[in-house]
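Here the structure comes first, spelled out in structure tokens, and everything after it is commentary.
All values below were derived from every heavy atom in this structure, side-chain atoms included, with hydrogens, water molecules and symmetry-related copies excluded. Residue numbers begin at 1 in each chain, while the letters A, B, ... track the order of the sequences.
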Protein chains: 2
Amino acid sequence: MEENEISLAVIKRLPRYFRYLEELIDSGVERISSGELSRRMNVTASQIRQDLNNFGGFGQQGYGYNVKYLHSEIAKILGIDKIHSIIIVGAGNLGKALANYANFEKRGFVVKAMFDTNEALIGKECRGAVIRPMSEMEAFIKDNNIEILALTIPKGSATEVVQTAIKAGIKGIWNFAHIDLEVPDNVVVENVHLSESLMTLSYNITRLH
Amino acid sequence: MEENEISLAVIKRLPRYFRYLEELIDSGVERISSGELSRRMNVTASQIRQDLNNFGGFGQQGYGYNVKYLHSEIAKILGIDKIHSIIIVGAGNLGKALANYANFEKRGFVVKAMFDTNEALIGKECRGAVIRPMSEMEAFIKDNNIEILALTIPKGSATEVVQTAIKAGIKGIWNFAHIDLEVPDNVVVENVHLSESLMTLSYNITRLH
DNA sequence: TAGATTGTTAATCGATTAACAATC
DNA sequence: TAGATTGTTAATCGATTAACAATC
């Protein structure tokens with residue numbers, strides 16, 4: 001609700017804190033200081049305290065942070081204390097991989113349906129999510145209050161699908177297509193450009209060797 | 001070869017320049033100024049010129065940049081003017097999606113084999129890459145001069161696989177496992193943490209709505 | 001030559017780190 | 001109370017933007 005004053009750099013670090021806190025919970029650690037966490041995560045203690053204090057004071061002087069409490073607070077900040085409904089557009093290999101990704105459901109991301117243009121795939125199921133024809137997408141988003149669209153189709157048809165989804169009220173797009181999507185201010189795009197990631201790896205290998 | 005003085009921020013932007021230049025080539029544009037490119041890409045012209053000048057002067061005063069030349073120079077910088085051999089460890093949905101990803105081959109990334117612990121998968125093929133037992137991985141890396149290991153297995157077994165691959169001389173790891181890998185200085189890790197990406201999306205949706 | 005646009009230096013802005021008073 | 005550690009302000013560092021001289 002409040003204006004977005006918190007930098008992207010901070011937000012991108014939150015999931016990593018979350019992951020480490022989860023591991024701490026699993027290994028039975030009850031409290032942790034920013035100093036100890038900084039050693040484990042290879043970041044400065046200062047950064048951890050600064051990052052967390054963007055959202056409030058979750059620690060206690062002389063004690064540190066309660067692991068379970070901090071974990072649940074970060075979950076709230078990230079919005080993963082709530083259920084999010086997803087549709088996957090593109091039932092190719094990547095779309096199927098996402099649909100079958102058990103971990104997402106654990107985090108409250110539920111795949112409600114998949115969509116594809118390939119007639120041969122219509123009606124098949126992927127971990128409980130039925131593959132439907134593209135023509136049904138717009139109504140499905142409206143009727144089922146879908147928040148997130150995972151886009152795993154080639155860039156050629158991406159723009160049109162996105163326009164339709166926006167009209168239907170989608171809130172966020174998880175974009176795997178190799179294209180920069182143009183969306184209005186009230187729609188969020190998170191890009192996963194795999195080929196760009198691989199190029200970065202290639203660069204680093206090349207420089208180092 | 002030279003010391004790594006160029007910031008990660010710059011490097012992460014190179015593939016995006018590359019993508020835009022490719023589109024310009026496809027649409028027959030021969031030259032472009034930093035100003036025009038900045039309008040298309042939604043970044044400042046200053047940043048484009050600063051970024052490129054980290055690697056040399058590719059432009060010409062009063063003219064701008066030759067699109068094809070700049071494209072090929074960035075390819076060289078990224079190291080994608082050379083062939084890179086990859087193995088994929090983990091022949092699950094995500095591993096298969098990567099193997100079937102035609103675009104990679106276009107960029108010179110060739111999948112030489114896949115590896116999995118599941119006996120039932122051994123011997124099957126995925127776009128020309130045979131699925132082999134994990135026990136053969138170490139020798140395969142050595143014998144075939146494999147540079148890159150794409151890691152798509154659960155985090156539990158990731159550390160052991162990575163140790164073995166490093167022993168065999170792997171240069172880079174494209175890591176899809178939810179774990180921070182510890183590697184020596186001469187090995188590069190590029191992380192793709194899908195669940196963290198999805199959490200960032202969740203955060204942004206939550207803040208905006 | 002005049003106009004355009006780069007390469008590069010200087011100025012600004014933002015993010016990270018250091019320091020320490022507050023306080024459990 | 002003494003020790004530990006946070007929350008927060010100040011200092012530093014790095015990245016982005018602006019400006020402009022060089023030059024095609």
Worksheet entry | Side-chain donor/acceptor of A:S46 to base of C:dA18, under 3.5 Å |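 A donor-acceptor contact between them is present.
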Separation of [X] atom [atom1] from [N] atom [atom2], in whole Å?
X	N	atom1	atom2	result
A:Q47	C:dA15	CD	P	11 Å
A:Q50	D:dT9	CD	P	9 Å
A:I48	C:dT17	CD1	P	11 Å
B:F55	C:dT8	CZ	C1'	16 Å
B:R13	D:dA15	CZ	C1'	8 Å
B:N54	D:dA15	CG	P	10 Å
A:L8	C:dC13	CG	P	20 Å

Fill in: B:E147 with B:K112: basic N within carboxylate O range, under 4.0 Å
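No, this pair does not count.
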Discussion item. Less than 4.0 angstrom from a charged side-chain N to a carboxylate O is my criterion; do B:E22 and A:K155 meet it?
Written reply: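 Looking at A:K155 together with B:E22, the answer is no, because their closest N to O distance does not fall below 4.0 Å.
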Fill in: Nucleotide paired to D:dT23 in any strand shown, Watson-Crick or G-U, under 3.5 Å
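Here D:dT23 is engaged in a pair, and the nucleotide opposite it is C:dA4.
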Discussion item. For D:dG14, give the paired nucleotide (Watson-Crick: N1-N3 plus N6-O4 or O6-N4; G-U: N1-O2 and O6-N3; both under 3.5 Å), or none.
Written reply: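 Pairing partner, where one exists within any strand: C:dC13.
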Grab the two heavy atoms, one from [X] and one from [Y], that are nearest each other, plus how far apart they are.
X	Y	result
A:K12	B:T200	NZ-CG2, 3.9 Å
A:C126	A:K96	SG-CG, 3.7 Å
A:I11	B:Y203	CD1-CE2, 3.2 Å

Distance-only check: which donor-acceptor pairs under 3.5 Å involve side-chain atoms of residues 163-180 of chain A, not counting sequence neighbours?
residue : atom : partner : partner atom : Å
A:T164  : OG1  : A:E160  : O            : 3.1
A:W174  : NE1  : B:S197  : OG           : 2.9
A:N175  : OD1  : A:A177  : N            : 3.0
A:N175  : ND2  : A:A177  : O            : 3.3
A:N175  : ND2  : A:I179  : O            : 3.1
A:N175  : ND2  : A:N191  : OD1          : 2.9
A:H178  : ND1  : B:N103  : ND2          : 3.3
A:H178  : NE2  : B:Y101  : OH           : 2.6
A:D180  : OD1  : B:R19   : NH2          : 3.1
A:D180  : OD2  : B:R16   : NE           : 3.0
A:D180  : OD2  : B:R16   : NH2          : 3.0
A:D180  : OD2  : B:Y20   : OH           : 2.6

Report all interatomic pairs (protein N or O, nucleotide N or O of nucleotides 3-6 of chain D) with separations under 3.5 Å.
residue : atom : partner : partner atom : Å
D:dT5   : O4'  : A:G62   : N            : 3.0
D:dT5   : O2   : A:G62   : N            : 3.4
D:dT6   : OP1  : A:S34   : N            : 2.6
D:dT6   : OP2  : A:S34   : OG           : 2.6

Worksheet item: Using a cut-off of less than 4.0 Å, is there contact between a side-chain N or O of A:T44 and OP1 or OP2 of C:dT16?
Response: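 No, outside the criterion.
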Worksheet entry | Stepwise side-chain contact (heavy atoms from CB on, under 4.5 Å) test for A:R127 and A:V111 | CA-CA 9 Å; A:R127 212 172 221 264; A:V111 180; over 6 Å; no
